[in-house]
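Note sheet for the following structure.
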Amino acid sequence: MNYLKYTQYVYLVFGIYFIYDGITKWGDQDKPWLSFIIAALAIFMFFFRRRFAKKFEDNNNKRT
């Protein structure tokens, strides 16, 4: 279950990418709101997964 420690950073990378995508679409005819919503969701998932991984690790430490 060590991969849970690293998969949370994938959400952070996607969040940064979609923020960049939204900023680049800001001046164009495209609507950047969808990119910002996806970025907010990805950043929320980063913190959620980090908290979940911490709880999972603490639970495993209590059992041993």
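For the single chain, residues carry numbers from 1 onward in sequence order. Because the structure is a prediction, the values reported are computed rather than measured.
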On a heavy-atom basis, which atom in Gln8 and which in Arg50 lie closest, and how many Å separate them?
OE1-CA, 2.7 Å
What is the minimum heavy-atom distance between Gly15 and Ala39, and which atoms define it?
O-CB, 3.5 Å
Is there any side chain to side chain donor-acceptor pair (under 3.5 Å) pair reaching into residues 14-23, and which pairs are they, with sequence neighbours excluded?
Asp21-Lys25, Asp21-Ser35
Taking only residues two or more places apart in sequence, or in another chain, which ones meet Phe46 in a ring pair (Phe, Tyr, Trp, His ring centres under 6.0 Å)?
Tyr9
Does one hydrophobic cluster hold both [X] and [Y], with members joined at side-chain heavy-atom distances below 4.5 Å?
X	Y	result
Phe14	Trp33	no
Phe52	Val10	no
Ile37	Tyr11	no

Given Phe18, which partner from the list Val13, Ile43, Ile38 fulfils the side-chain contact (heavy atoms from CB on, under 4.5 Å) test?
Ile38
Taken in chain and number order and not counting sequence neighbours, the residues that satisfy side-chain contact (heavy atoms from CB on, under 4.5 Å) with Ile23 are Ile19, Phe36
